[in-house]
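Atoms considered below: every heavy atom in the structure, side chains included; atoms not considered: hydrogens, waters and symmetry mates. All values derive from a computational prediction rather than experimental measurement. One is the number of the first residue; the rest follow in order along the sequence.
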Amino acid sequence: MAKQQRKKRADRKTNQRHNEKQMQRNVKDRLFRYLFEKDREALLDLYNALNGTEYRDPLQLEIVTIESAVYVVMKNDLAYILSGTLSMYEHQSTYSPNLPARFLIYLAQEYQKVIERAERSLYGTEQISLPTPQCVVFYNGIKEMPEERTLKLSDTFENKKVKADVELTVRMININYGHNVRLMEKCRTLEEYSQLVAITRDHMLAAKDMQTALSGAIDYCIENDILKQVLSENRAEVLGMLLEEFDAEKYERTIRGEGREEGREEGREEGEIKVNRLGTLMTEAGRSDDFLKSLSDREFQKKLFAEFGLEEEKKKA
């Protein structure tokens with residue numbers, strides 16, 4: 001009995017630590033959200049670009065992103081209400097077929113907040129007015145995706161023979177640089193963010209460590225008037241967000257937690273990056289025959305092991 005009680009206490013502590021870590025991860029700002037929540041005019045431009053509207057007053061925007069610890073089921077990236085429309089945005093570098101289910105949870109939480117603010121009862125006789133939802137995912141992963149696609153909640157339902165009484169659609173937009181050009185032209189911040197990500201990836205292929213790569217990418221963008229003001233005035237904060245978002249080890253842990261199939265797919269994508277890095281190392285070593293000779297060099301071996309996260313085999317005593 002005492003052993004079981006000790007195990008229960010240990011399990012509770014483990015769960016508590018896990019929940020605390022999860023909440024700490026959730027409260028970290030992502031650069032995409034930071035840019036648009038900080039600049040209401042840019043957010044209004046984005047809304048107009050997506051909806052073909054011409055709103056001009058940023059003060060009309062009401063930010064309702066889920067923040068409070070009361071709503072800790074899931075936290076969305078950005079949500080706001082404008083003219084009776086609830087826009088919910090997610091930024092993703094990894095495609096997930098579960099996005100509609102996640103947005104369903106976001107929507108339920110957002111509607112709960114709306115109803116509580118209105119101080120109305122769901123059991124009352126008067127109809128409650130709810131803002132019309134729009135669910136959008138901005139995708140900029142390295143896996144090839146179409147310009148735009150629609151994801152449906154009904155695709156996840158088990159019994160396809162029965163007509164579902166609930167549907168939710170998500171608009172997934174590819175914002176990798178060079179895609180959705182007309183959308184980018186209408187929202188300069190989105191275009192410059194897309195450029196920043198592309199430049200960051202290029203620098204990561206060439207630099208020897210992540211911080212050097214990200215600092216170099218920020219310098220390049222400032223010099224070329226890409227998000228210049230934000231990067232100049234908030235350099236340390238932006239660098240921290242980029243380090244968090246491009247943290248390869250954390251990324252791999254997340255993928256492993258989401259499942260083996262997705263992990264294999266992301267492993268192939270990561271492999272492409274490592275192949276490019278190998279090419280860079282070969283270039284540094286000189287011609288291919290010089291590169292093969294250098295493999296026998298102890299210092300070069302250490303460099304390879306460090307570069308690709310491998311452990312050297314320990315010699316037996």
Side-chain angles (χ1 to χ4, degrees), residues 12 15-16 18-30 32-34 36-41 43-44 46-48 50-92 96-138 150-173:
R12 281 198 298 269
N15 291 333
Q16 182 178 359
H18 172 77
N19 291 335
E20 288 173 354
K21 289 180 180 178
Q22 186 67 39
M23 288 180 65
Q24 288 170 2
R25 284 197 294 271
N26 283 344
V27 298
K28 290 182 181 296
D29 256 349
R30 296 158 64 101
F32 178 88
R33 170 186 165 175
Y34 178 82
F36 286 101
E37 193 171 57
K38 187 180 181 69
D39 188 346
R40 297 293 180 92
E41 290 187 2
L43 186 57
L44 189 60
L46 183 56
Y47 180 90
N48 286 332
L50 290 171
N51 295 281
T53 51
E54 296 183 359
Y55 290 102
R56 290 289 177 262
D57 185 4
L59 296 178
Q60 290 181 280
L61 293 169
E62 179 190 359
I63 303 295
V64 293
T65 307
I66 298 168
E67 301 277 9
S68 172
V70 175
Y71 306 98
V72 295
V73 178
M74 294 183 78
K75 174 179 176 293
N76 56 349
D77 277 348
L78 187 60
Y80 62 95
I81 296 175
L82 173 64
S83 188
T85 300
L86 169 62
S87 297
M88 296 183 294
Y89 295 162
E90 280 286 289
H91 168 267
Q92 294 289 314
S96 171
N98 301 313
L99 283 164
R102 285 163 52 180
F103 271 99
L104 180 66
I105 296 173
Y106 299 153
L107 183 59
Q109 294 178 93
E110 292 288 3
Y111 278 171
Q112 181 181 352
K113 290 166 60 179
V114 170
I115 293 167
E116 288 177 353
R117 285 200 305 270
E119 298 182 349
R120 304 282 284 279
S121 172
L122 285 174
Y123 301 98
T125 57
E126 188 176 348
Q127 186 175 39
I128 296 175
S129 178
L130 298 173
T132 304
Q134 286 188 331
C135 307
V136 183
V137 172
F138 297 93
T150 300
L151 309 177
K152 296 182 178 181
L153 181 66
S154 58
D155 290 338
T156 67
F157 296 159
E158 290 186 11
N159 191 341
K160 306 296 185 183
K161 297 179 181 179
V162 175
K163 183 180 178 181
D165 290 332
V166 175
E167 181 62 286
L168 183 145
T169 60
V170 176
R171 184 181 179 188
M172 188 171 79
I173 300 172

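- A salt bridge between R56 and E41 is absent, with no side-chain N of the basic residue lying under 4.0 Å from a carboxylate O of the acidic one.
- The two residues L61 and L44 come nearest to each other via the heavy atoms CD1-N, 4.0 Å.
- Q60 contributes no side-chain N or O that, together with a main-chain N or O of L82, makes up a donor-acceptor pair within less than 3.5 Å.
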Determine, step by step, whether R40 and I63 satisfy the side-chain contact (heavy atoms from CB on, under 4.5 Å) criterion, reporting the C-alpha distance in whole Å, the side-chain angles of both residues, the deciding distance to 0.1 Å, and the verdict.
CA-CA 9 Å; R40 297 293 180 92; I63 303 295; 3.3 Å; yes
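- The CD atom of E158 lies 9.0 Å from the OG1 atom of T156; values are rounded to the nearest 0.5 Å.
- For the atom pair OG of S154 and NZ of K163, the computed distance is 11.5 Å after rounding to the nearest 0.5 Å.
- No donor-acceptor pair under 3.5 Å is formed between the side chain of K152 and the backbone N or O of V170.
- Side-chain contact of H91 with R33: a donor-acceptor pair under 3.5 Å is absent, judged by distance alone.
- Of all heavy-atom pairs spanning K160 and D155, the tightest one is NZ-O, 2.8 Å.
- Separation of atoms CD (E37) and OG1 (T65) is listed at 5.0 Å; rounding is to 0.5 Å.
- Between E90 and D77, the closest heavy-atom pair is OE2-N, 2.7 Å.
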If you look only at distance, which donor and acceptor atoms sit under 3.5 Å apart when one is on a side chain in residues 122-138 and the other is two or more places apart or in another chain?
unit_1 : atom_1 : unit_2 : atom_2 : d
E126   : OE2    : R120   : NH2    : 3.3
Q134   : NE2    : N51    : OD1    : 2.9

Output, in order, the C-alpha distance, side-chain angles, deciding distance and verdict of ring-ring contact (aromatic ring centres under 6.0 Å, His included) for F36 and Y89.
CA-CA 11 Å; F36 286 101; Y89 295 162; 7.9 Å; no
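- Under the 4.5 Å side-chain criterion, counting only non-hydrogen atoms from C-beta, Y106 is in contact with M88.
- Looking at heavy atoms from C-beta onward, Y80 lies out of side-chain contact with L86 at the 4.5 angstrom threshold.
- Distance check, rounded to the nearest 0.5 Å: CZ of F103 to CG of L153 gives 12.0 Å.
- A donor-acceptor pair under 3.5 Å is formed between the side chain of N48 and the backbone N or O of Y55.
- For the atom pair L50 CG and S87 OG, the distance stands at 8.0 Å (nearest 0.5 Å).
- Here CG of L99 is found 12.5 Å from OG1 of T169. Values are rounded to the nearest 0.5 Å.
- Taking 4.0 Å as the cut-off between side-chain N and carboxylate O, E110 and K113 count as a salt-bridged pair.
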